[in-house]
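Okay, so here's the structure we're looking at.
No experiment lies behind these values; they were computed from the predicted model shown. Here is how names work: the chains are called A, B, and so on, in the same order as the sequence lines, proteins then strands, and each is numbered from 1.
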Protein chains: 2
Amino acid sequence: MTPYVNPPQNNTKVYIGIVKQLRSMIEHDGLKPGDRLPSERELSERLGVGRSSVREALRALELLGLIETRRGEGTFMRDFRGHQLVQLLSTFILQDKKSIRDVKETKFLIELDCLWLIIQKAGEDQLLRFKKWSLEADYSDDDFFLEIVTLADNHLFLRIWIILKDYYNSLDLETMMVTREQYARLIETLISRNESEVIRVYRNLRKLSKS
Amino acid sequence: MTPYVNPPQNNTKVYIGIVKQLRSMIEHDGLKPGDRLPSERELSERLGVGRSSVREALRALELLGLIETRRGEGTFMRDFRGHQLVQLLSTFILQDKKSIRDVKETKFLIELDCLWLIIQKAGEDQLLRFKKWSLEADYSDDDFFLEIVTLADNHLFLRIWIILKDYYNSLDLETMMVTREQYARLIETLISRNESEVIRVYRNLRKLSKS
DNA sequence: TTCGCTTCAGTGGTCAGACCAGTTTATTTT
DNA sequence: AAAATAAACTGGTCTGACCACTGAAGCGAA
């Protein structure tokens, strides 16, 4: 019913326009994960385009992991976190030595940045709670650093890191064993807020001799 | 001609199957950026599916930045290196427009990371060429740091930084005046490869007292 | 020959319509 | 009221038809 009838979408491909329309529609209506989108036929009619064009847009968004479609039911918003996207990209990119190096390099440096941010910003209580968690919980390396990046309290780094993490994991590199002690030591140095020591411990944990 | 007719692709959606077929086709034929893919009609025939399904797959890959289509010419492989990944990310970063602080913080830290990378990896000649450029050219802060990030030779950081830069500029913050001397000093410390000094000079340049 | 124009086959872009295969809701039957 | 059935939706897919654009082949004039 609502007249989402577009801005004159000149020149660009229809399906791209539809993607944009969908985004503003999602924002406008405040759609959240789990919510249903209008049906393909309704979108087609509302936007004044063919159903096949609507489908091209929806399929693209689906491959991106932004939406989910269930036959007979409809199309739904999804709780996206890059998963789908990263997985697909990684299968395509493959064998690109430099890309792989970039991913590793970037992931490590951002983790280091977050450690630095924690030293600057985190409260004593947060760090102690983190320490407590590390002693009790059963966690993987990803879990551990997700906590780190979360503690750093920077939304952008969080998002970037999550994507890098997924991408990194999809690379299927040899996994580095990190002992409980190493994690514990890192936390201790965080609590002591010793910048250079944190860097040292982190590099050691990541088996980074120098670079 | 070649019978790419693969696994019966049961159960999954046709367009997903086509994406997979395309990937193996690309791998099998060793297609590189710039190379042309078979036409939609040919793919449709080869894979025994409808052209609309082929299009759904191609449109999705296009939105991902893996391929590029030109009307009247065809569909071509694209030079992808994870950049689209970040670009996609940006459209969602831009959604939560809350944290200006995060943008600044992230931009600065990434610039610092790049400076560190340069110290580690850049060759003497590159640095000298950079210095020469800085003495002759007329550049803005963005120009200067674009050089920095480029020198760091990390595609992901480059992409992320560009997005952050654009976003940062759109925030319309008070611009910080940076003198030519400060840029020059930064370059000098880079050439001397003095890590802690680079950090100090950079912070000073960005007017970051401590954090 | 060589240059310039026209023609035409090929390619992506888009739409409309037709089915199929599931799910949900309404209706009828028990 | 409960169960079985029917209708109305929703996505999934294919086909065929145009359109707009590109590039190369063909052709004629210089």
Side-chain angles (χ1 to χ4, degrees), chain A residues 1 4-22 25-26 29 31 33-78 84, chain B residues 1 4-22 25-26 29 31 34-78:
Chain A
M1 292 309 175
Y4 278 114
V5 193
N6 47 353
Q9 238 39 274
N10 291 331
N11 219 340
T12 39
K13 301 176 187 178
V14 171
Y15 92 97
I16 293 287
I18 296 176
V19 168
K20 292 181 182 173
Q21 301 271 332
L22 281 173
M25 186 179 306
I26 288 169
D29 295 352
L31 296 187
D35 289 351
R36 226 196 89 183
L37 273 65
S39 75
E40 297 178 352
R41 289 173 176 84
E42 185 180 343
L43 282 174
S44 159
E45 193 176 343
R46 275 230 289 243
L47 304 178
V49 298
R51 190 183 155 209
S52 49
S53 291
V54 170
R55 280 186 62 80
E56 289 182 7
L58 290 178
R59 261 2 88 213
L61 292 180
E62 185 181 49
L63 197 65
L64 280 176
L66 299 179
I67 61 174
E68 176 186 2
T69 60
R70 298 197 282 274
R71 159 147 49 179
E73 296 183 61
T75 304
F76 304 83
M77 294 290 299
R78 206 174 140 166
Q84 203 80 10
Chain B
M1 295 302 173
Y4 278 112
V5 195
N6 274 37
Q9 247 23 290
N10 290 332
N11 215 342
T12 41
K13 300 177 188 180
V14 171
Y15 93 96
I16 292 287
I18 295 176
V19 168
K20 292 181 180 174
Q21 302 268 336
L22 281 172
M25 186 180 305
I26 288 169
D29 294 353
L31 296 186
D35 290 348
R36 226 195 89 183
L37 272 64
S39 75
E40 296 178 352
R41 290 175 176 83
E42 185 181 343
L43 282 173
S44 160
E45 194 176 344
R46 278 231 287 244
L47 304 178
V49 297
R51 190 182 155 211
S52 50
S53 291
V54 170
R55 280 186 61 80
E56 289 181 7
L58 290 178
R59 260 4 87 214
L61 293 179
E62 184 181 49
L63 196 65
L64 276 176
L66 298 176
I67 61 173
E68 177 186 2
T69 58
R70 297 197 282 273
R71 180 191 304 202
E73 296 183 62
T75 304
F76 303 83
M77 296 289 300
R78 230 180 119 161

Atom-to-atom span, CD of Glu56(B) to P of dT15(D) - whole angstrom:
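For the pair Glu56(B) CD and dT15(D) P, the rounded distance is 14 Å.
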
Q | Sole residue of Leu61(B), Leu66(B), Val54(B) in side-chain contact (heavy atoms from CB on, under 4.5 Å) with Leu22(B) | A |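 Of all the options given, the one that passes is Leu61(B).
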
Can you name the residues that form a side-chain contact (heavy atoms from CB on, under 4.5 Å) with Thr75(B), not counting sequence neighbours?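 Thr75(B) satisfies side-chain contact (heavy atoms from CB on, under 4.5 Å) with Leu37(B), Leu58(B), Ile67(B), Thr69(B) only.
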
Does Arg36(B) have any side-chain contact (heavy atoms from CB on, under 4.5 Å) partners at least two apart in sequence or in another chain, and if so, which?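 Only Ser39(B), Phe76(B) meet the side-chain contact (heavy atoms from CB on, under 4.5 Å) criterion with Arg36(B).
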
Going 5' to 3' through nucleotides 4-11 of chain D and flagging B where a protein heavy-atom sits under 4.0 Å of the base, S where only the sugar-phosphate is that close, and - otherwise, we get ------BB

Notebook entry, point to check: Which nucleotide span of DNA chain C, 5' end to 3' end, has atoms closer than 4.0 Å to non-hydrogen atoms of chain A?
Noted result: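 Answer, 5' to 3': dG13(C) to dT24(C).
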
Side chain proximity check, [X] to [Y], heavy atoms < 4.5 angstrom:
X	Y	result
Ile16(A)	Leu63(B)	yes
Met25(A)	Arg46(A)	yes
Arg55(A)	Arg55(B)	no

Problem - Heavy-atom donor-acceptor pair, Ser53(A) side chain to Tyr15(A) backbone, under 3.5 Å - result: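 It does not hold such a pair.
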
Review point. By side-chain hydrogen bond (donor to acceptor under 3.5 Å, both in side chains), which residues pair with Glu73(A), not counting sequence neighbours?
Key: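 If we apply the side-chain hydrogen bond (donor to acceptor under 3.5 Å, both in side chains) test to Glu73(A), skipping adjacent residues, the hits are Arg70(A).
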
